[in-house]
Amino acid sequence: MRNFTNVTDIGDLHAAVKQALEVKANRFAYQHLGKNRTLLMIFFNSSLRTRLSTQKAALNLGMNVIVLDVNQGAWKLETERGVIMDGDKPEHLLEAIPVMGCYCDVIGVRSFARFENKRDDYEETIINQFIKYSGRPVFSMEAATRHPLQSFADLITIEEYKATPRPRVVLTWAPHPKALPQAVPNSFAEWMNAAEDIDFVIANPEGYDLAPEFVGNAPVYHHQDEALKNADFVYAKNWSAYADPNYGKVLSTDRSWTITSEKMALTNNAYFMHCLPVRRNMIVSDAVIESERSLVIPEAANREISAQVVLMRILESL
Ligand code: CP
């Protein structure tokens with residue numbers, strides 16, 4: 001595997017989860033792969049889990065790690081081609097990317113949707129420029145439309161906790177005061193649809209349907225309570241509107257969609273999942289996130305494992 005930006009890059013999901021569980025049991029057994037190799041992690045946006053878990057995964061593999069926060073201490077970067085650079089951005093991404101490639105063997109990029117132009121976001125302009133111009137393998141640490149390291153960790157977690165061969169997994173929208181990208185729900189849907197042994201459904205208010213290529217054949221409910229019936233896993237997440245003319249907008253902060261103990265009582269004693277960070281008592285009540293059925297910490301722990309499998313596969317391709 002050279003680049004990792006979506007579910008198809010990882011190939012067979014059963015094999016990927018099997019490898020992840022092996023790595024989890026013996027995470028320091030692969031240090032030969034990373035010796036004298038350098039990972040560069042580039043952040044255009046903030047992070048806690050991705051930064052720490054990916055760095056830890058690289059250290060498990062014996063790699064050197066360097067980190068660049070583009071908005072803290074680096075030159076401000078122009079990203080548009082053809083711009084007359086007489087403003088406050090002294091460096092262009094098209095020089096910065098190949099320069100960054102000179103200092104490392106593998107590049108991880110975090111670059112969220114900017115909500116300025118839906119086409120730019122959905123064409124993944126930033127990460128694709130890294131793939132095109134860096135000369136290095138590139139993996140997504142959350143791009144404009146997908147967060148595949150998160151989705152892989154979520155799949156590993158579901159495999160670890162499922163009590164039936166084909167669990168019902170409900171992705172539900174929940175309220176949030178600010179406009180958030182669709183990357184996490186898009187990606188979660190993409191991975192759940194690709195995993196053939198999951199009964200996957202989506203619940204969101206009218207106006208919040210995700211892009212059809214991510215929804216796939218999953219049933220979409222506009223009434224949350226109906227979707228939650230018989231759920232084995234409830235994956236809550238906020239996202240902003242996808243459909244035009246409301247792309248990137250907050251249409252609702254309806255707290256009747258908050259996941260509470262009453263909502264969880266509708267399910268098949270489901271586990272609660274969220275990628276974090278989460279706004280308590282907007283997305284989920286204190287009682288649910290603190291309950292024994294909350295998997296938010298195991299999910300976060302599995303971010304180290306998903307990153308390690310991805311890095312191992314990239315290192316093996318060098
Ligand atoms: N879930 C996740 O990607 O967390 P961070 O934004 O903190 O990296």
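Start at 1 and go down the list; that is how both ligands and their atoms are numbered. Bear in mind the structure is a predicted one, so any value in this text is a computation, not a measurement.
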A.B. asks: S46 versus ligand 1: do any nitrogen or oxygen atoms come within less than 3.5 Å of each other?
C.D. replies: no

A.B. asks: Give the numbers and elements of all ligand 1 atoms closer than 4.0 Å to a heavy atom of H147.
C.D. replies: 2 (C), 3 (O)

A.B. asks: Which ligand 1 atoms are under 4.0 Å away from a heavy-atom of L48?
C.D. replies: 5 (P), 7 (O), 8 (O)

A.B. asks: Which residues, ordered by chain and number, are linked to L48 in its hydrophobic cluster, where ILVMFWY side chains connect at heavy-atom gaps below 4.5 Å, directly or through other members?
C.D. replies: L52

A.B. asks: Tell me the protein heavy atom at minimum distance from atom 1 (N) of ligand 1, and give that distance in Å.
C.D. replies: L276 O, 2.8 Å

A.B. asks: Heavy atoms only: which of E142, E299, R110 is nearest to atom 6 (O) of ligand 1?
C.D. replies: R110

A.B. asks: Is a salt bridge present between D232 and K162, judged by a nitrogen-to-oxygen distance below 4.0 Å?
C.D. replies: no

A.B. asks: Suppose I only count heavy atoms of R303 and a 4.0 Å limit; which atoms of ligand 1 are within that range?
C.D. replies: 1 (N), 2 (C), 3 (O)

A.B. asks: Can you name the one residue among T54, N3, D9, V109 that meets side chain to side chain contact (heavy atoms under 4.5 Å, CB included) with F139?
C.D. replies: T54

A.B. asks: Look at K24 together with E160 and state whether they make a salt bridge at an N to O cut-off of under 4.0 Å.
C.D. replies: yes

A.B. asks: Does any N or O atom in S47 lie less than 3.5 angstrom from one in ligand 1, N or O only?
C.D. replies: yes

A.B. asks: Could you check whether F188 and Y235 have their ring centres less than 6.0 Å apart?
C.D. replies: yes

A.B. asks: Inspect the surroundings of NE2 in H32 and state if more than 12 heavy atoms from other residues, nucleotides or ligands are less than 6.0 Å away.
C.D. replies: yes

A.B. asks: Can you pull out the closest protein heavy atom to atom 4 (O) of ligand 1? Residue, atom name and distance to 0.1 Å, please.
C.D. replies: R49 NE, 2.9 Å

A.B. asks: Measure M141 to ligand 1 on non-hydrogen atoms and call it side chain, backbone, both or neither using the 4.0 Å cut-off.
C.D. replies: neither

A.B. asks: Crowded around R166 CZ? As in, over 12 foreign heavy atoms under 6.0 Å?
C.D. replies: yes

